[in-house]
**Student:** 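Right, I'll just put the structure down here and ask away after.
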Amino acid sequence: MSSDTLEKGYEPREVERRWYEFWEANGLFAAREHDSGRGYAIVIPPPNVTGVLHMGHALNNTLQDILCRYRRLRGDDVLWMPGTDHAGIATQNVVERKLAQEGTDRHALGRERFVAEVWAWRAKFGGAIIHQLKRLGASCDWARERFTMDEGLSRAVRKVFVDLHQQGLIYRGLYIINWCPRCRTALADLEVEHEEIDGNLYHIRYPFPQGGGGITVATTRPETMLGDTAVAVNPEDERYRGLAAASVILPLMNREIPIIRDGYVDMSFGTGGLKVTPAHDPNDFEIARRHDLPSLKVIDDDGRMSAAAGRFAGLDRFECRKRVVRELTAAGLLERTVPHRHGVGHCYRCKEAVEPNLSRQWFVRTKPLAEKAIAAVKEGRTRIIPETWAATYFDWLENIRDWCISRQIWWGHQIPAWTCAGCGEVAVAMEAPGVCPQCGDRRLTQEEDVLDTWFSSALWPFSTMGWPEATALLKKFYPTAVLVTGFDILFFWVARMMMMGLHFMQAVPFRDVYVHALVRDEEGQKMSKSKGNVIDPLEIIDRHGTDAFRFTLAAFAAQGRDVKMSEKRVEGYRHFVNKIWNAARFALMHVDRRRDLPPLAELDLADRWILARLNRATAETARALDAYRFNDAAATLYAFVWHEVCDWYLEAVKPALHGKRDDAAKERSLAVLWRVLHDTLILLHPFIPFVTEEIWHKLPGTEGSIMRAAFPAEGAAAPHDPAAEEEMGVLIEVISGIRNIRGEMGIPPGMALEAVVHPMTPGARGLIETHRDLIANLARLREIRITDAGERPKASATCVTPGATVFVPLGAIIDFARERERLEKELGKIDKELAAVTKKLQNQDFLAKAAAAVVAKVREQHQGLLEKHGKLSANLDRIKEYDSAS
RNA sequence: GGGCGGAUAGCUCAGCCGGGAGAGCGUCGGCCUUACAAGCCGAAGGUCACAGGUUCGAUCCCUGUUCCGCCUACCA
């Protein structure tokens with residue numbers, strides 16, 4: 001493309017749309033599973049089909065995209081597998097709400113039509129998040145997009161279910177589970193969110209049948225007493241040792257229930273009496289099993305009291321609580337009511353209070369699967385980064401309980417089990433059996449329940465690649481390189497993928513798990529609709545551009561710390577993107593073609609210096625990205641581009657580019673400038689893909705997309721060049737010193753100054769002589785005189801740098817008081833440092849015990865500080881002299 | 001109840017292996033200098049939460065305390 005001039009300010013909108021289309025149209029995101037290159041795969045954490053892009057997605061996918069683009073530049077064959085999750089309960093809820101608005105409900109429609117309705121909804125709205133991911137610049141291989149309910153993945157789900165069932169790792173049974181009365185489905189333990197609620201502890205007396213006294217129990221949920229089938233005390237409890245009675249009367253119900261003894265009961269809690277409600281409390285359920293007690297379900301699936309609750313039947317459970325309390329009070333059986341704060345479980349989808357309920361459900365026996373998942377991380381086959389999350393992972397897996405996988409909803413993978421009306425046998429199979437395998441009866445009905453959404457998600461790394469077929473994709477890309485995820489789904493998803501991957505693929509699903517932080521609002525609050533503090537990534541993108549937004553996310557993605565997002569921060573990085581744009585704009589005003597780099601020895605100092613810095617920035621960026629230190633990489637690039645390329649290099653080569661030096665110098669700098677811009681664009685591309693692609697195409701001598709470019713090899717442009725870095729450092733110090741004088745002394749910027757320079761060493765002298773034009777230009781001097789140490793111009797301001805002492809004669813405009821103040825301030829700093837260093841050198845222990853290199857370094861510092869101190873104070877004395885003389 | 005993370009400049013945060021405290025924003029002063037005022041130049045600002053300990057040396061390692069945040073758990 002031609003190097004037409006760039007617009008004055010960067011306008012992201014049109015550029016982003018154009019290049020994204022270009023990338024897609026040219027197949028630049030496509031994974032090449034048949035190529036021989038090194039495979040690098042990431043599977044996307046599939047967003048819910050109901051999802052709209054939020055900050056969490058934005059961070060998660062930006063980081064993945066950075067890694068994918070980086071690995072492509074490094075020459076890997078990259079597969080970024082995209083897709084969405086059917087999100088059983090969430091999606092069903094959305095469609096049910098829609099039906100409600102239309103004045104109907106799913107029961108009126110019936111299962112088949114309802115499910116068709118959900119598919120229709122998905123076809124219409126389910127692609128929203130995909131479009132949004134594209135606006136983020138996500139370079140997923142969209143042609144391979146999968147959905148957890150699509151044909152292939154559903155087949156994988158059935159296969160896994162059947163296999164686990166055959167292996168005895170899936171079973172069905174009547175257990176107490178978490179029930180959401182609103183969603184009307186079972187929930188896994190994980191799907192229950194505990195929240196501390198201020199409630200009451202009710203002390204209720206259960207009288208003995210023969211009257212007189214009784215046992216007082218304490219409960220936070222008095223309504224469940226209607227379903228009590230025993231009262232338990234601790235066998236060690238002295239208070240109940242010699243108890244004559246073997247039973248009590250359950251108040252309100254007037255049922256006689258036994259007194260049992262069980263070690264579970266905590267003697268110190270309440271009165272030491274525990275009511276046992278096996279159908280509505282997991283602990284009581286266990287006690288009932290030990291003591292062979294019956295269960296009585298008094299709360300129905302809709303959260304209302306059941307027929308078993310007698311005259312309370314039909315009441316809402318919380319209404320019932322009030323009624324029970326009232327009646328107990330009236331009966332004089334409520335002995336005390338004590339305020340009590342306790343955890344109450346809520347449905348993670350709809351926030352309804354969960355009801356522990358007795359129910360027949362399907363479970364996965366997780367222990368054997370968990371053991372393998374633990375071992376894989378212990379043995380380092382999968383690394384968790386940052387490592388601190390490994391402890392959390394182990395803790396959960398080591399205490400894992402069986403996983404309730406059946407859900408009483410309609411949207412999901414229907415469980416592949418059929419019950420025979422003839423013999424009652426349950427057949428589990430991949431496809432519907434025509435006849436009962438036991439008795440040959442044809443009357444088979446499929447299990448109504450569907451599987452937990454996370455069941456299919458757990459297969460994601462291999463199901464998306466075509467498992468159970470042995471595909472080329474699986475061969476090349478499994479195990480995947482890394483899973484990038486938030487810690488909130490470490491258990492829901494990551495641990496379960498580990499279990500399933502190891503069990504069915506005999507290999508870990510990913511070599512690394514990178515756990516990133518949560519995105520919070522400015523105040524560190526979790527963003528939520530109810531709090532109204534949600535920042536919409538798409539609005540941010542509209543206002544500031546995708547690149548600025550992505551760079552912000554990367555810059556704040558420090559390991560182990562949450563990202564606090566605010567628009568202001570994005571604004572700051574928009575400035576950075578604009579800075580790059582303008583630097584390129586400047587460069588492209590001069591660079592008309594690609595030039596090969598001349599031999600290093602022929603280059604000017606500034607050229608060698610920027611190449612050395614580029615080399616360092618390259619190495620540092622690669623190192624940081626390889627270690628998932630996104631913020632380090634971002635900070636490195638920010639500082640390099642802004643403070644080295646723009647602040648120093650471009651300024652340094654301006655005279656050459658403007659033809660104020662000879663043609664050869666211009667040619668040399670043009671070659672270096674091309675190289676710096678070229679390589680820098682590549683380094684930046686993973687973070688800010690759009691603006692870099694745009695500039696890339698304006699840069700002469702590039703071909704095709706920057707996505708096809710090669711990440712600069714270390715030392716390719718220039719080897720490490722500490723000499724150039726040090727020499728340039730000397731000049732920078734001199735220039736900064738003069739600028740400091742100008743600023744501090746209030747000298748108008750327009751006024752050209754003269755400087756008298758005393759170099760410290762012959763080397764510095766040569767350096768400064770050679771680069772007097774550079775110094776004069778950047779420090780705005782009209783003349784530089786290089787002299788020996790003896791000469792001290794009168795009425796001048798001074799600065800002392802490691803390479804030279806600089807005097808700026810100010811003549812009539814000098815303000816002696818101001819210069820004194822300036823020097824005294826400087827001396828004060830030196831004194832402080834000198835004191836610290838001197839103290840160290842006077843410490844015998846330090847000299848004896850510290851590493852030799854450290855001691856040498858401190859001595860050197862000491863020497864330098866002494867010299868500087870000497871010069872500064874000499875100059876201060878001189879100023880005082882002049883001052884009093886004038 | 002158990003566990004984890006945080007406390008560093010006015011704000012938001014970096015600081016890997018212990019050896020002279022950094023950035024961005026904000027503030028102050030000066031500049032429309034021919035890429036960029038979304039910019040340039042200069043400056044100010046910190047007992048690295050507190051108390052001990054280890055060490056020649058601690059923002060960094062150890063112990064304890066305080067204050068925040070999070071995760072986890074079947075004490076009714």
Side-chain angles (χ1 to χ4, degrees), chain A residues 5-6 8-10 176 189 194 201-202 217-221 224 232 264-266 268-270 273-277 281-286 340 342-343 356 386 388-389 391-392 395-396 399 487-488 490-491 517-518 520 522 524-526 555-556 558 560-564 566 568-569 571-590 623-624 627 629 631-632 635 638-639 643 646-647 650-651 654 658 736 739-750 780 825 832-833 836-837 840 843-851 853-855 857-858 861 865:
Chain A
T5 37
L6 272 50
K8 197 164 173 183
Y10 175 59
I176 193 146
D189 292 334
H194 290 271
L201 193 59
Y202 300 92
V217 300
T219 179
T220 54
R221 307 191 51 209
T224 63
Y264 169 77
V265 181
D266 181 352
S268 63
F269 191 91
L274 173 73
K275 60 190 275 306
V276 181
T277 322
D281 185 285
N283 297 309
D284 295 4
F285 178 76
E286 293 300 321
H340 185 72
H342 60 139
T388 150
W389 288 108
T392 310
D395 185 61
W396 188 70
N399 300 301
F487 57 79
D488 49 332
L490 196 59
F491 307 139
L518 241 53
R520 300 174 179 280
E522 248 173 308
Q525 298 280 314
K526 204 168 169 171
F556 281 95
R561 175 106 73 160
D562 288 341
V563 178
K564 288 184 199 161
S566 85
K568 233 162 153 208
R569 283 161 212 165
E571 239 175 87
Y573 287 107
R574 186 185 62 173
H575 297 172
F576 177 58
V577 172
N578 197 53
K579 186 77 178 174
I580 293 166
W581 177 260
N582 275 296
R585 181 164 171 258
F586 170 76
L588 292 173
M589 287 173 178
H590 300 94
R623 188 200 65 83
R629 302 184 68 91
N631 60 318
D632 280 0
Y638 187 96
H643 301 306
C646 293
D647 288 352
L650 293 184
E651 295 303 326
K654 266 179 184 174
H658 288 141
S736 298
R739 284 174 174 175
N740 175 279
I741 289 172
R742 196 185 275 279
E744 295 279 279
M745 299 296 287
I747 298 163
R780 299 182 141 255
K825 190 177 78 186
K832 248 169 105 180
E833 284 179 47
V837 173
K840 265 191 188 180
N843 182 342
Q844 290 308 312
D845 282 331
F846 173 71
L847 298 175
K849 293 180 184 173
V854 173
V855 176
K857 198 174 151 198
V858 173
Q861 281 170 7
L865 288 167

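Everything numeric here is computed off the predicted structure, so don't read it as measured data. Below, each value reflects all heavy atoms present in this structure, side chains not excepted, and no hydrogens, waters or symmetry copies. In what follows, chains carry the letters A, B, and so on, assigned in the order in which the sequence lines appear, proteins first and then strands, with residues in each chain numbered from 1.
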**Student:** Enumerate the protein-to-nucleotides 52-56 of chain B contacts in which both atoms are nitrogen or oxygen and the separation is below 3.5 Å.
**Tutor:**
residue: B:C56; atom: OP1; partner: A:Lys849; partner atom: NZ; Å: 2.7
residue: B:C56; atom: O2'; partner: A:Asn843; partner atom: ND2; Å: 2.7

**Student:** Considering every strand and a 4.0 Å limit on heavy-atom distances, what is the contact class for A:Phe285: base, sugar-phosphate, or nothing?
**Tutor:**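 Counting heavy atoms under 4.0 Å across all strands, no contact is made by A:Phe285.
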**Student:** Just verifying a value: how many Å separate A:Asp281 CG and A:Arg221 CZ, rounded to the nearest 0.5 Å?
**Tutor:**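 So the gap between those two atoms works out to 8.0 Å.
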**Student:** Looking at side-chain heavy atoms only, is the closest gap between A:Trp389 and A:Leu490 below 4.5 Å?
**Tutor:**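 Heavy-atom side-chain distance check passes, below 4.5 Å.
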**Student:** With rounding to the closest Å, how many angstrom separate the P atoms on B:G18 and B:U59?
**Tutor:**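 Each nucleotide's P atom is 13 Å from the other's.
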**Student:** If I take atom CZ in residue A:Phe576 and atom C1' in nucleotide B:G39, what distance separates them, rounded to the nearest angstrom?
**Tutor:**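 Distance check: A:Phe576 CZ to B:G39 C1' gives 15 Å.
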**Student:** Which is it for A:Leu201 and A:Phe269 under the side-chain contact (heavy atoms from CB on, under 4.5 Å) test, yes or no, and what are the steps along the way?
**Tutor:** CA-CA 11 Å; A:Leu201 193 59; A:Phe269 191 91; 3.7 Å; yes
**Student:** When rounded to the nearest 0.5 angstrom, what is the spacing between CZ in A:Phe576 and SG in A:Cys646?
**Tutor:**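 Here the rounded value is 8.0 Å.
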**Student:** With RNA chain B as reference, determine whether A:Tyr10 or A:Asp281 sits nearer its 5' end, using the nearest nucleotide of each.
**Tutor:**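 Counting from the 5' end, the first nearest nucleotide belongs to A:Tyr10.
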**Student:** Would you confirm whether A:Asn399, through its side chain, and A:Asp395, through its main-chain N or O, come within 3.5 Å as a donor-acceptor pair?
**Tutor:**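 Such a contact is found between A:Asn399 side chain and A:Asp395 backbone.
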**Student:** Between A:Phe556 and A:Arg623, just flag the one whose closest nucleotide in RNA chain B comes earlier from the 5' side.
**Tutor:**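 Result of the comparison: A:Phe556.
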**Student:** Taking any heavy-atom pair under 4.0 Å as a contact, classify A:Gln861: base, sugar-phosphate, or nothing.
**Tutor:**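 Base contact - A:Gln861 has a heavy atom under 4.0 Å of at least one base atom.
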**Student:** Quick one: classify the glycosidic conformation of B:C17 as syn or anti, with syn meaning within 90° of 0.
**Tutor:**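 It is syn.
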**Student:** On a heavy-atom basis, which atom in A:Tyr573 and which in A:Ala555 lie closest, and how many Å separate them?
**Tutor:**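 Distance-wise, the nearest heavy atoms are OH-CB, 3.5 Å.
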**Student:** First locate atom CG of A:Leu650, then atom NE2 of A:His590, and finally report the distance between them rounded to the nearest 0.5 Å.
**Tutor:**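 So the CG of A:Leu650 and the NE2 of A:His590 are separated by 10.0 Å.
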**Student:** Starting at CG of A:Asp189 and ending at P of B:U72, how long is that distance when rounded to a whole Å?
**Tutor:**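 Rounded to the whole Å, the gap is 12 Å.
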**Student:** Counting only side-chain heavy atoms from C-beta out, which of B:C41, B:A35, B:U72 sits nearest to A:Arg739?
**Tutor:**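 Of the options given, the side chain of A:Arg739 lies nearest B:C41.
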**Student:** Look at the side chain of A:Arg742 and the backbone N and O of A:Arg780, then say whether any donor-acceptor pair between them is shorter than 3.5 Å.
**Tutor:**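 Side chain of A:Arg742 to backbone of A:Arg780, a donor-acceptor pair under 3.5 Å: yes, one is there.
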**Student:** Pick the C1' atom in B:C13 and in B:G26, then give their distance to the nearest Å.
**Tutor:**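 Their C1' atoms lie roughly 14 Å apart.
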**Student:** Ignoring the backbone of A:Lys825, work out which of B:A43, B:A38, B:C36 is nearest its side chain.
**Tutor:**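 So the side chain of A:Lys825 is nearest to B:A43.
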**Student:** Under 4.0 Å between a side-chain N/O of A:Asn740 and OP1 or OP2 of B:A43, yes or no?
**Tutor:**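 True: A:Asn740 side-chain N/O within range (under 4.0 Å) of B:A43 OP1/OP2.
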**Student:** Identify whether any heavy atom of A:Ala583 sits under 4.0 Å from a base atom; if not, whether one sits that close to sugar-phosphate; answer base, sugar-phosphate or nothing.
**Tutor:**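 Answer is base: heavy atoms of A:Ala583 come under 4.0 Å of a base.
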**Student:** Roughly how many Å apart are B:C4 and B:C41, using the P atom of each and rounding to a whole number?
**Tutor:**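 My reading of the P atoms in B:C41 and B:C4 gives 47 Å.
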**Student:** Could you give the distance separating B:G24 and B:A43 at their P atoms, to the nearest angstrom?
**Tutor:**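 Straight-line distance between the two P atoms is 13 Å.
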**Student:** Between P on B:C71 and CZ on A:Phe487, what's the gap in Å once rounded to a whole number?
**Tutor:**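 Computing the A:Phe487:CZ to B:C71:P distance gives 7 Å.
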**Student:** Hey, does A:Lys832 reach any base, or is it just sugar-phosphate, or nothing, if we go heavy atoms under 4.0 Å?
**Tutor:**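 Since no nucleic acid heavy atom lies under 4.0 Å of A:Lys832, the category is nothing.
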**Student:** Using a 4.0 Å heavy-atom cut-off, does A:Glu651 contact any base of the nucleic acid, only the sugar-phosphate backbone, or nothing at all?
**Tutor:**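 Counting heavy atoms under 4.0 Å across all strands, the contact made by A:Glu651 includes a base.
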**Student:** If I take atom CG in residue A:Asn399 and atom C1' in nucleotide B:G3, what distance separates them, rounded to the nearest angstrom?
**Tutor:**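 To the nearest whole Å, that distance equals 12 Å.
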**Student:** Does A:Ile580 reach a base, just sugar-phosphate, or nothing at all? Heavy atoms under 4.0 Å.
**Tutor:**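 No contact.
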**Student:** Determine the contact category for A:Val837: base if any of its heavy atoms lies under 4.0 Å from a base atom, sugar-phosphate if only primed atoms, P, OP1 or OP2 are that close, otherwise nothing.
**Tutor:**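 Result for A:Val837 = nothing.
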**Student:** In the 5'-to-3' direction, what one-character label does each nucleotide of nucleotides 24-34 of chain B receive under the scheme B = base within less than 4.0 Å of a protein heavy atom, S = sugar-phosphate only, - = no such atom?
**Tutor:** SS----SS-B-
**Student:** Do A:Glu833 and B:G20 have a side chain to base donor-acceptor pair shorter than 3.5 Å?
**Tutor:**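 Checked by distance alone, the answer is yes.
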**Student:** Distance check, C1' atoms only: B:C16 and B:C61, in whole angstrom units.
**Tutor:**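 Those two atoms are separated by 15 Å.
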**Student:** What contact category does A:Asp647 fall into here, base, sugar-phosphate, or nothing, at under 4.0 angstrom with non-hydrogen atoms?
**Tutor:**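 Sugar-phosphate contact only.
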**Student:** I need the A:Leu274 CG to A:Asn283 CG distance, nearest 0.5 Å.
**Tutor:**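 Atom-to-atom, A:Leu274:CG and A:Asn283:CG are 8.5 Å apart.
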**Student:** When the P atoms of B:G20 and B:G57 are considered, how many whole Å apart are they?
**Tutor:**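 14 Å, rounded to whole Å.
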**Student:** Given pairs defined as Watson-Crick or G-U wobble with both distances under 3.5 Å, what dot-bracket annotation applies to RNA chain B, with ( ) intrastrand, [ ] crossing, | other strand and . unpaired?
**Tutor:** (((((((..((((.....[..)))).(((((.......))))).....(((((..]....))))))))))))....
**Student:** What integer distance in Å separates A:Arg221:CZ from B:C75:P?
**Tutor:**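 Those two atoms, CZ and P, are 14 Å apart.
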**Student:** Hey, what do you get for NZ (A:Lys825) to CD (A:Glu744), rounding to the nearest 0.5 Å?
**Tutor:**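 Result: 4.0 Å between the selected atoms.
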**Student:** Take the protein atom NE2 of A:His590 and the nucleotide atom P of B:C36, then report the distance between them rounded to whole Å.
**Tutor:**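 That distance rounds to 12 Å.
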**Student:** Do A:Pro282 and A:Ile176 make a side-chain contact, defined as non-hydrogen atoms from C-beta onward lying under 4.5 Å apart?
**Tutor:**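 Heavy-atom side-chain distance check passes, below 4.5 Å.
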**Student:** Rounding to the closest angstrom, what is the interatomic distance between B:U27 and B:U12 at atom C1'?
**Tutor:**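 Approximately 16 Å lies between the C1' atom of B:U27 and that of B:U12.
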**Student:** Which is it for A:Val837 and A:Lys840 under the side-chain contact (heavy atoms from CB on, under 4.5 Å) test, yes or no, and what are the steps along the way?
**Tutor:** CA-CA 5 Å; A:Val837 173; A:Lys840 265 191 188 180; 5.6 Å; no
**Student:** For the pair made of CZ in A:Arg742 and C1' in B:C41, what is the distance, rounded to whole Å?
**Tutor:**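 Going from A:Arg742 (CZ) to B:C41 (C1'), I get 9 Å.
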**Student:** Between A:Arg574 (CZ) and B:A38 (P), how many Å, whole number?
**Tutor:**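 To the nearest whole Å, that distance equals 9 Å.
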**Student:** Taking the P atom of each, how far is B:U66 from B:A51, in whole Å?
**Tutor:**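 Result for the P pair: 15 Å, nearest Å.
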**Student:** If I take atom CG from residue A:Asp189 and atom NE2 from residue A:His194, how far apart are they, to the nearest 0.5 angstrom?
**Tutor:**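 The CG atom of A:Asp189 sits 7.5 Å away from the NE2 atom of A:His194.
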**Student:** Counting side-chain heavy atoms from CB outward, which of B:A35, B:G19, B:C70 is closest to A:Lys840?
**Tutor:**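 Closest of the options to the side chain of A:Lys840: B:G19.
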**Student:** Show the nearest heavy-atom pair for residues A:Thr220 and A:His340, with the distance to one decimal.
**Tutor:**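 That would be CG2-CD2, 3.7 Å.
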**Student:** Run the salt bridge (charged side-chain N to carboxylate O under 4.0 Å, His left out) check on A:Glu651 and A:Lys654 step by step: do they pass?
**Tutor:** CA-CA 5 Å; A:Glu651 295 303 326; A:Lys654 266 179 184 174; 3.1 Å; yes
**Student:** Measure from the side-chain heavy atoms of A:Val854 and tell me the nearest of B:A35, B:C75, B:G19.
**Tutor:**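 Nucleotide nearest to A:Val854's side chain: B:G19.
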